[in-house]
There are 2 protein chains.
Amino acid sequence: MKETTLKEIANTLGISITTVSKALKNYPDVSEKTRQAVLDLAKDLHYTPNSFAVNLRTKESKTIGLIIPEVMHHFFSNVINAIIDEAEKNGYLVIILQSNESIELEKKQVELLINKRVDGIIMSLSNESNFDEHIKEIINRKIPFVMFDKISKLANCSKVLIDDQKAAMSATQHLIDKGCKKIAHIRGPLNPQNAIDRYIGYKKTLDKNQIPYDPTLVYTCENVTFQEGLDFAKQIIEEHPDVDGVFAVTDLVAVGVLSYFNDHKIKVPQQVAVIGFSNWFMSQVLTPKLSTVDQPSHEMGVASFHLLLEEMNAHKENIAFAPKTLILETNIIERDSSRKS
Amino acid sequence: MKETTLKEIANTLGISITTVSKALKNYPDVSEKTRQAVLDLAKDLHYTPNSFAVNLRTKESKTIGLIIPEVMHHFFSNVINAIIDEAEKNGYLVIILQSNESIELEKKQVELLINKRVDGIIMSLSNESNFDEHIKEIINRKIPFVMFDKISKLANCSKVLIDDQKAAMSATQHLIDKGCKKIAHIRGPLNPQNAIDRYIGYKKTLDKNQIPYDPTLVYTCENVTFQEGLDFAKQIIEEHPDVDGVFAVTDLVAVGVLSYFNDHKIKVPQQVAVIGFSNWFMSQVLTPKLSTVDQPSHEMGVASFHLLLEEMNAHKENIAFAPKTLILETNIIERDSSRKS
DNA sequence: TTGTATGCGTTATCAT
DNA sequence: ATGATAACGCATACAA
């Protein structure tokens with residue numbers, strides 16, 4: 001099955017390649033007769049433009065790159081879902097890479113995408129990354145670029161975020177409102193901004209409610225896993241048997257906590273109330289159903305793509321583009337795990 | 001930041017483009033001296049080959065396409081995960097599209113990928129698809145092509161599968177071995193091969209155990225959702241209060257069943273034992289923990305890519321390639337939801 | 001309305 | 001060891 005080219009159509013029709021090209025792209029300066037002839041033949045021969053050649057000519061590939069820490073996390077699957085759908089609607093395809101939370105991999109992947117000459121990049125940082133060289137490289141090269149969720153504050157690029165601090169404050173306040181007096185926080189790793197912000201939100205809310213801050217009530221995940229939730233739940237109960245509330249950095253961790261509590265007959269929410277973060281699907285099918293902070297993953301994906309699209313269009317027209325930061329709203333979702341009163 | 005080209009290097013060094021190209025690709029017929037000069041300058045200028053031009057010349061893009069029904073399903077996330085990692089290790093990038101179980105979308109996406117001239121396509125069919133035109137088109141064009149999990153039997157291409165019939169037989173037998181006498185089956189939609197095979201497996205096993213087959217015990221999902229599990233659980237209990245076992249086509253549906261049973265004080269497994277299919281992460285964190293059939297999603301992804309790679313290599317060398325079918329093993333995972341005795 | 005010429009950046013063949 | 005030339009397929013400025 002040989003590929004049909006403009007040349008082939010031109011030859012069989014006895015006209016020039018230029019005319020064929022113009023006819024196919026509906027240029028006004030082609031006679032109706034030749035246009036039809038070209039269109040018909042093109043259809044017959046199943047002509048489709050060779051995208052490699054088009055890419056080379058137009059210097060764009062109608063492809064964007066997406067780098068995220070983990071495809072398999074519910075939050076990110078959701079974002080991917082939104083981005084590829086939105087991209088497709090706008091004529092773009094999406095190449096997906098995952099950093100597995102490793103800055104080394106992430107660097108290579110940025111390089112891959114740059115070499116591939118994607119038209120833009122959307123990215124959520126690995127836990128190890130900050131405003132590192134590879135990020136600067138993207139910005140220096142003026143490649144349209146949007147970061148979402150796990151971002152670097154210092155980077156001068158478009159961002160799509162939630163207000164993690166505020167959301168964490170709501171979550172902590174929610175537990176306090178439910179009567180919790182001694183609240184543990186299972187936080188994310190030390191480096192990523194959103195783990196930091198959630199921790200700050202927790203701490204600020206204690207202050208605000210005149211609850212003394214006790215650093216031994218803060219447990220730090222390395223990998224933010226179910227297992228860590230399980231282990232920390234055990235530790236919390238052993239070290240602070242009087243804890244009556246747990247705020248976990250993520251639903252997955254909160255689910256680990258619930259699982260441990262369930263297995264050890266620790267009543268949730270009667271003895272300990274639990275709240276997670278992100279509103280994963282899973283959290284509503286557990287017993288007890290997990291209270292959580294709803295993070296609008298789908299909207300984040302849609303917004304990220306649209307910001308990128310704006311920047312790509314500006315870039316193409318060679319007009320300046322001022323990065324924008326979008327902060328989306330979050331809500332507390334109260335379910336059984338914190339329904340005390 | 002202008003892109004460095006071979007021409008630029010050639011000009012500043014006062015040599016020809018050809019020589020530069022050769023030097024960079026370690027051809028033997030370049031003097032050590034010029035080679036070094038070229039390599040040094042290339043490094044200085046951060047030269048990277050323009051992939052658009054390379055694509056056009058070599059007629060390959062080092063990119064593959066992946067079409068799946070739903071990014072957000074745990075099973076598919078897992079496969080995606082495996083494929084993009086494996087692809088990256090072998091120098092390929094992956095464009096992902098989701099059909100949302102719609103044959104119309106799927107057709108468009110196949111077209112997109114063909115026009116994009118990806119080097120190969122990996123695909124899992126939508127519930128509406130069979131051996132349709134767009135699938136034939138891929139095969140006719142001799143584009144390297146692998147189907148996994150949801151396949152069309154008729155397509156003459158490589159496939160990576162499990163033996164759904166056999167797996168369903170084990171699952172049903174497992175319930176029978178646990179003492180179930182009246183087993184309901186919540187099956188998948190009527191069209192997809194794996195839903196059919198699981199249903200057949202269920203039926204065959206009843207026969208084998210001299211349990212009369214009762215069609216009213218078979219419930220058919222349209223969309224294979226949590227909600228359907230919930231609804232069918234209700235229906236099962238109402239229509240057949242003496243049912244003592246449920247085999248669900250997928251963990252998600254089984255989780256819906258468990259959720260309904262939990263809320264209505266129907267004891268699992270004492271009154272009704274439940275088994276799912278696919279071993280989603282979620283299924284081990286529920287109460288009771290869900291028994292299921294382990295489906296090796298990660299291996300399926302790895303195997304699919306490697307079959308595709310084989311075919312892409314053969315294709316490049318212009319040597320014939322005989323499609324292969326790989327059938328991977330499954331295991332019953334017994335957890336609380338079926339641990340009767 | 002149609003066609004000519006040129007270039008996008010690389011690779012490959014064939015001379016020198 | 002080096003280079004001139006053509007080709008990949010398309011798009012566009014410019015001529016006719």
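Residue numbering restarts at 1 for every chain, and letters A, B, ... go by the order of the sequence lines. All values derive from a computational prediction rather than experimental measurement.
To the nearest angstrom, P of dG7(C) lies 17 Å from CG of Asn50(B). We find that CD of Glu60(A) is positioned 17 Å from P of dC8(C), with the value rounded to whole Å. Rounded to an integer number of Å, the gap from CD1 of Ile15(A) to C1' of dT4(C) is 15 Å.
Side-chain proximity of Leu6(B) to dC14(C), dT11(C), dG9(C): nearest is dT11(C). The side chain of Lys22(A) sits closest to dG3(C) out of dA12(C), dG9(C), dG3(C).
Applying a 4.0 Å cut-off to non-hydrogen atoms, the residues of residues 25-49 of chain A that approach DNA chain D are Lys25(A), Tyr27(A), Tyr47(A), Pro49(A), listed by residue number.
A nucleotide of DNA chain D counts as in contact with chain B when one of its atoms lies under 4.0 Å from a heavy atom; the first and last such, 5' to 3', are dA1(D) to dG9(D).
For Lys316(B), the NZ atom is densely surrounded, since the number of other residues' heavy atoms within 6.0 Å is greater than 12. Atom NZ of Lys62(B) has more than 12 heavy atoms from other residues, nucleotides or ligands within 6.0 Å.
Both Thr58(A) and Ser16(B) sit near DNA chain D, but only Ser16(B) has its closest nucleotide nearer the 5' end. Heavy-atom distances to DNA chain D give each of Leu56(B) and Ile17(B) a nearest nucleotide, and the one nearer the 5′ end belongs to Ile17(B).
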Audit row: Ser304(B), Lys159(B), side chain to side chain donor-acceptor pair (under 3.5 Å) steps and yes/no: CA-CA 7 Å; Ser304(B) 299; Lys159(B) 294 163 195 162; over 6 Å; no
Derivation of the salt bridge (Lys or Arg N to Asp or Glu O under 4.0 Å) call for Glu310(B) and Lys324(B): CA-CA 10 Å; Glu310(B) 253 188 78; Lys324(B) 296 179 189 172; 2.7 Å; yes
Derivation and outcome, side chain to side chain donor-acceptor pair (under 3.5 Å), residues Ser126(A) and Ser129(A): CA-CA 5 Å; Ser126(A) 89; Ser129(A) 312; 2.8 Å; yes
Check against side chain to side chain donor-acceptor pair (under 3.5 Å), Ser16(A) and Thr19(A): CA-CA 5 Å; Ser16(A) 80; Thr19(A) 308; 3.1 Å; yes
Audit row: Gln98(A), Asp85(B), side chain to side chain donor-acceptor pair (under 3.5 Å) steps and yes/no: CA-CA 8 Å; Gln98(A) 55 186 345; Asp85(B) 281 359; 3.2 Å; yes
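Within the 4.0 Å cut-off from OP1 or OP2 of dG7(C), not a single side-chain nitrogen or oxygen of Lys7(B) is found.
Between Glu3(A) and Arg117(B) there is a salt bridge, since a side-chain N of the basic residue sits under 4.0 Å from a carboxylate O of the acidic one.
Residues Arg141(A) and Glu137(A) come closest through the heavy atom pair NE-OE2, 2.7 Å.
Backbone-only contact: Thr5(A) has heavy atoms under 4.0 Å from sugar-phosphate atoms and none from a base.
Between the side chain of Thr18(B) and the base of dT11(C) there is no donor-acceptor pair of N/O atoms closer than 3.5 Å.
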